[in-house]
Amino acid sequence: RAKLEHRGHYCYYTRSMGGEMRARVRLMQDLRQALGGGSLYLLFQPQISLGDGQPVGAEALLRWLTESGQLVPPDQFIPLAEDSGLIVAIGDWVLRGACQQLVALKNAGVGQFRMAVNVSVVQFRHPDFIGMLERVIAETGVDPANVELEITESVAMLDPERIVTLLNRIKEFGFTVAIDDFGTGFSSLAYLQRLPVDRLKIDRGFVGRIAFEGEGKNIAEMIIDLGRNLGMGVIAEGVEDAAQADYLRARGCHEAQGFLYARPLDAGTLLEWLRERGG
Ligand code: C2E
Ligand code: MG
Ligand code: MG
Ligand code: MG
């Protein structure tokens, strides 16, 4: 009986797995076509200085609107693209598009402005990553000093020597580097100190917890202090209300991004938003 039950369970398991697998393969095929077909696009979420409230930049965020009119969230399709390796081509497309947009903003009269772009760990460790960066700079004419590459703490799981070498090359081009979702990846502090990183980005999970005292010192506050001690800038993501912004400002956090200031905007709306703010 036990054996039968076990078997039944096994069959059920594989059948549902098979369905899930088919759905994944299907989504992958659609995504591959989307990359060539124009149903991928970028939105840009403003980042502001907490000191004076002025815009300092924007983060490029990828969107996928399928043929059937469904908006698939990046949290769903990015992992899929990473598993299949398609993220390398997608990431190339994203960086190129974000840099083109930055050049366009400059041409429209926007002054000092930074464009932040998410880089997957799969892209980062791809042998042609540096070559890709070189091509994007050459083809878009962007000034890398105004482009920030957002990597996650998972990058720190790679071979330490290799990462430091890679980050140094990236920095030689002039790019700045931020660690995204900081505080969620358990990277060692000793290690962090060795990385040529410009900015820590406090994960929005910690920002959302700011109002709930009682856990002692807030993690957001610890990250701000850490950034200060390491000589790095600190930006908070997911800032939704003025109380969070006040708390962060009072504790010396430099910059913020979140629905309190603006949702991710299309390029035209971003320019309007900046003009309204005198940018
Ligand atoms: P992320 O890089 O940490 O981006 C921040 C996410 O927080 C974005 O979600 C943004 O829309 C959302 N967000 C911003 N402000 C607020 C707020 O005030 N409240 C709340 N609740 N959410 C806020 P999104 O656009 O859905 O992206 C999710 C994740 O997908 C990103 O997290 C990033 O890890 C990944 N992603 C997006 N675009 C790309 C891309 O081009 N390449 C790669 N590799 N990953 C990307
Ligand atoms: Mg990001
Ligand atoms: Mg983030
Ligand atoms: Mg996040």
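As the structure lists them, so they are numbered: ligands from 1, and atoms in each ligand from 1. Just the heavy atoms: all of them, side chains too, but no hydrogens, waters or symmetry mates, feed the values below.
Using a 4.5 Å cut-off on side-chain heavy atoms (C-beta onward), Phe175 and Leu133 make contact. Between Thr66 and Ser39, the closest side-chain pair of non-hydrogen atoms is not below 4.5 Å. Counting heavy atoms from C-beta outward, Arg228 and Ile224 have side chains that approach closer than 4.5 Å.
By the 6.0 Å contact criterion, CD on Glu134 is enclosed, its count of non-hydrogen atoms from other residues, nucleotides or ligands being greater than 12.
No part of Leu260 comes within 4.0 Å of ligand 1, judged by heavy-atom distances. At a heavy-atom distance under 4.0 Å, only side-chain atoms of Val94, from C-beta outward, approach ligand 1. By the criterion of a heavy-atom distance under 4.0 Å, the side chain of Arg63, and not its backbone, is placed next to ligand 1. Contacts between Ile78 and ligand 1, counted as non-hydrogen atom pairs separated by less than 4.0 Å, involve the side chain only.
For the residue pair Gln123 / Asp92, no side-chain donor-acceptor distance below 3.5 Å is found, with atom types taken as modelled. A donor atom on one side chain and an acceptor atom on the other are found under 3.5 Å apart for Glu221 and Tyr247. Side chain to side chain, Ser49 and Glu255 fail the donor-acceptor criterion of an N or O pair below 3.5 Å. Of the N and O atoms on the side chains of Glu237 and Gln257, not one donor lies less than 3.5 Å from an acceptor on the other residue.
Polar contact check, Arg204 against ligand 1: a nitrogen or oxygen pair lies under 3.5 Å apart. At a 3.5 angstrom cut-off on N or O pairs, Phe259 counts as close to ligand 1. Among the atoms of Ile87, none of the N or O lies under 3.5 angstrom from an N or O of ligand 1. Ligand 1 has no N or O atom lying under 3.5 Å from any N or O atom of Gln123, backbone or side chain.
Heavy-atom proximity to atom 10 (C) of ligand 1, evaluated over Leu43, Leu61, Leu71, is greatest for Leu61. For atom 28 (C) of ligand 1, the nearest non-hydrogen atom from the set Asp241, Asp75, Val207 belongs to Asp75.
Shown are Lys201, Gln47, Arg199; of these, the side-chain hydrogen bond (donor to acceptor under 3.5 Å, both in side chains) with Glu148 is made only by Arg199.
Taking a cut-off of under 4.0 Å to the non-hydrogen atoms of Pro264, the atoms of ligand 1 that pass are 11 (O). Counting atoms of ligand 1 from 1 in the listed order, those under 4.0 Å from a heavy atom of Asp180 are 1 (P), 2 (O), 3 (O). Close contacts of ligand 1 with Glu240, meaning ligand atoms under 4.0 Å from a residue heavy atom, involve 17 (C), 18 (O), 19 (N), 20 (C), 21 (N). Near Gln45, with a cut-off below 4.0 Å to any heavy atom, the atoms of ligand 1 are 14 (C), 15 (N). Set against the non-hydrogen atoms of Glu237, the atoms of ligand 1 under 4.0 Å away are 3 (O), 5 (C). Near Gly258, with a cut-off below 4.0 Å to any heavy atom, the atoms of ligand 1 are 15 (N), 18 (O).
For the pair Arg263 and Phe259, the cation-pi test (distance below 6.0 Å, angle within 45°) is passed.
A salt bridge does not link Asp181 to Arg204: none of the charged nitrogens lies less than 4.0 Å from a carboxylate oxygen. A salt bridge is absent between Arg251 and Asp225: the closest approach of a Lys/Arg side-chain nitrogen to an acidic carboxylate oxygen does not fall below 4.0 angstrom.
For Glu59, the closest heavy-atom approach to ligand 1 falls below 4.0 Å. Not a single heavy atom of Pro73 lies less than 4.0 angstrom from ligand 1.
Between atom CG of residue Leu270 and atom CD of residue Gln101 there is a gap of 7.5 Å, rounded to the nearest 0.5 Å.
Inside a sphere of radius 2.8 Å centred on the Mg ion (ligand 2), the protein N/O/S atoms present are Glu59 OE2, Asn118 OD1, Glu150 OE1, Asp180 OD2.
A perpendicular orientation is assigned to the rings of Trp64 and Phe77, their planes being inclined by more than 60° (bins at 30° and 60°).
Distance alone, capped at 3.5 Å, is enough to place a donor-acceptor pair between the Thr165 side chain and the Glu161 backbone.
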